[in-house]
There are 2 protein chains.
Amino acid sequence: MRSETAARVLDAAKRLGYVVNPIARSLKTSRSSSIGVVIPDLTNALFPPIMRGIDNVLEPLGYIPLLVNTDNDKEREAKQVAALRARQVEGLIVGTALLSDPGLERLAAEGFPVVLINRRTESSILPTVAGDNVAGVNLAVDYLVGLGHRRIAFLAGPQTTWTGQVRLRAYRNALQDHKIAYDEALVVFTEQFIETEGARGTRELLDRNVPFTALIAGNDLHALGCFDVFAERGIRCPEDVSVTGFNDMPFVDKLSPALTTIHIPQYEVGREAARMLIERINAKADVPAKSVLLPVELVIRGSAAAPASADRNGGAPAGRPARRATTTAV
Amino acid sequence: MRSETAARVLDAAKRLGYVVNPIARSLKTSRSSSIGVVIPDLTNALFPPIMRGIDNVLEPLGYIPLLVNTDNDKEREAKQVAALRARQVEGLIVGTALLSDPGLERLAAEGFPVVLINRRTESSILPTVAGDNVAGVNLAVDYLVGLGHRRIAFLAGPQTTWTGQVRLRAYRNALQDHKIAYDEALVVFTEQFIETEGARGTRELLDRNVPFTALIAGNDLHALGCFDVFAERGIRCPEDVSVTGFNDMPFVDKLSPALTTIHIPQYEVGREAARMLIERINAKADVPAKSVLLPVELVIRGSAAAPASADRNGGAPAGRPARRATTTAV
DNA sequence: ATGAAAGCGCTAACAC
DNA sequence: GTGTTAGCGCTTTCAT
């Protein structure tokens, strides 16, 4: 065909509003240009930025994410994954919290592209992207110890989640680095990463009547629960006890005191997960299941200060503009 | 075919792991079992609950929502809508803020199912679901007046948005109902529904040096901006000025003072929009474009109290558990 | 280089 | 009722 004719055809096509039918294309190519995103609950403030990160890399490539919520229900998850596969998604990004997941592992073993966010499973068939939890806990412990704290309590997240487990282990190790003995009277376990569990845990800790001057909350929601209980019992933060969180959710800078916490780059987590998935989708041969840890930051705000009894004072007074300390992850 | 044979076939199918290919089905039926959801930004706390509401009604029907973010960019929106249509979505739920949208109106006029959330366009071709903004403003004004306020300022949202316009009009009317003269020195316009614009507006208002004892913020984010400026200038809330918000975003109950605001049932907005869309998709003939307003609630927390000068005192002291006042919408 | 045609997996229409 | 077939719109292979 002469190029001039070609131009005229293209022109006519545009004028008549022709658009390719991706359905027909999919049928022929058995590619769908869509990927499945499986999360517990979009309403959890962690996930919107992750979703946007995913979308940000997928969109320019012509992929569209299909989002499903599982509400942490194992059965629902299986059903949703099946529905996604039926729609011929080319890969899956999974952000649910289960520690092991035979269904997903089987999928991955069959060569179906899957990447996990914010967790790792026991077997390492599945590639992962997450914030560097160990570095985050270290940042928090170092900071607190630097402020003069020695009795640092820990609100452990659910041990059925990878995040819960890894943060607890990091806490033990970090104490050890500072030659502080691990005292199990200072750690309390929670069932879920939610505010009420943070409150329950804090009450339990307080009721043990063992002294402590600082508290590392399992995440920001737990910290919210701490604040509730402190208000209940007339405990002042940071004067009586310092608190740090995890995640740096929106608006935790608006609390009183503003929450000192570990910032996790959720948007980047989403981007990286999407990139990784695309790489796997495009790969001819099997790609080894690498796992990437993104650097986290300590965001210093008002909820931690030197303990009343401390000699040296390095505390950040409430209301001071946030400073940031960074670690670069492995 | 004998039913026994049929059973054997079904059995074999299951054993072989047969699943229908929805792509092929779509190609044949030109139905996709998917609908498009167009929002400015998932990261805006308004939208996750709306999304879940949509998902909640769509999922049992076998529909899947395809979500796109426009970042309020007109061009991007057009592109995204085109992409969605190319994917053969059977309908569109649109939550962007533009006051008129010829593209969408054309679509709707052609009989393509579209429903708008949280806004209405000038022409009424498009069906809508939103919270009852007028009732919400009335609730706020009535409450403030009941507390003894007469000089009630208003942070008007962008007048390029339906929400911004309708709330301003409602404010004027509500004042009139209370025989309070409308004073344009007490209203300031903002460019966007974001915190910094709330701050800018509040500064502008304060700099006018006209006295006021209460301030109705355009939405919760604006209220956050107010609080920032109050902190800057040593103004106490609610002692010096009362503030109310709009939306009842997550965590505004954690602010100091906890924000008194109008609760909008976003989850229900999503559900209702999805129901409406499905109804239109299934309709043989044209369905008239009704618009439904969902009831809102005044959530009384700590950011509004009686003015210092007031005779009667009906103020809610900070920290008191929230009470709710409801209106049923039209 | 250009064009023709087969076929992806399904559904609906039709003939039996 | 039961079975057969055309064709949805695209891509890709194959013949020209």
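Every chain is numbered from 1, with letters handed out A, B, ... down the list of sequences.
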Pi-cation contact, B:Phe112 with B:Arg85 (under 6.0 Å, within 45°):
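Yes, B:Arg85 and B:Phe112 form such a contact.
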
Angle, rounded to 10°, between the helical axes spanning five pairs at each terminus of the helix from C:dA1-D:dT16 to C:dC16-D:dG1?
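The end-segment axes of the helix from C:dA1-D:dT16 to C:dC16-D:dG1 are tilted 50° relative to each other.
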
Distance from A:Ile117 atom CD1 to A:Met276 atom CE, nearest 0.5 Å?
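Separation between the atoms: 11.5 Å.
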
Can you list everything that forms a side chain to side chain donor-acceptor pair (under 3.5 Å) with A:Gln192? Sequence neighbours excluded, please.
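In terms of side chain to side chain donor-acceptor pair (under 3.5 Å), with neighbours along the sequence ignored, A:Gln192 is linked to no residue.
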
Rounded off to whole Å, could you give me the [atom1]-to-[atom2] distance for the [X] and [N] pair?
X       : N      : atom1 : atom2 : value
A:Arg25 : D:dG9  : CZ    : C1'   : 11 Å
A:Ile23 : C:dC8  : CD1   : C1'   : 13 Å
A:Asn21 : C:dC10 : CG    : C1'   : 14 Å
A:Arg87 : C:dG9  : CZ    : P     : 19 Å
B:Leu27 : D:dG7  : CG    : C1'   : 9 Å
A:Lys28 : D:dT11 : NZ    : P     : 10 Å

Distance-only donor-acceptor check, side chains B:Gln88 and B:Ser30, under 3.5 Å
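Absent: no donor and acceptor within the cut-off.
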
Check whether the side chains of A:Thr161 and A:Thr163 place a donor and an acceptor atom closer than 3.5 Å, and report yes or no.
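Judged by distance alone, the side chains do not pair up.
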
Does the pair A:Arg280/A:Asp286 count as a salt bridge with the N-to-O cut at 4.0 Å?
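Salt bridge flag = no for A:Asp286 with A:Arg280.
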
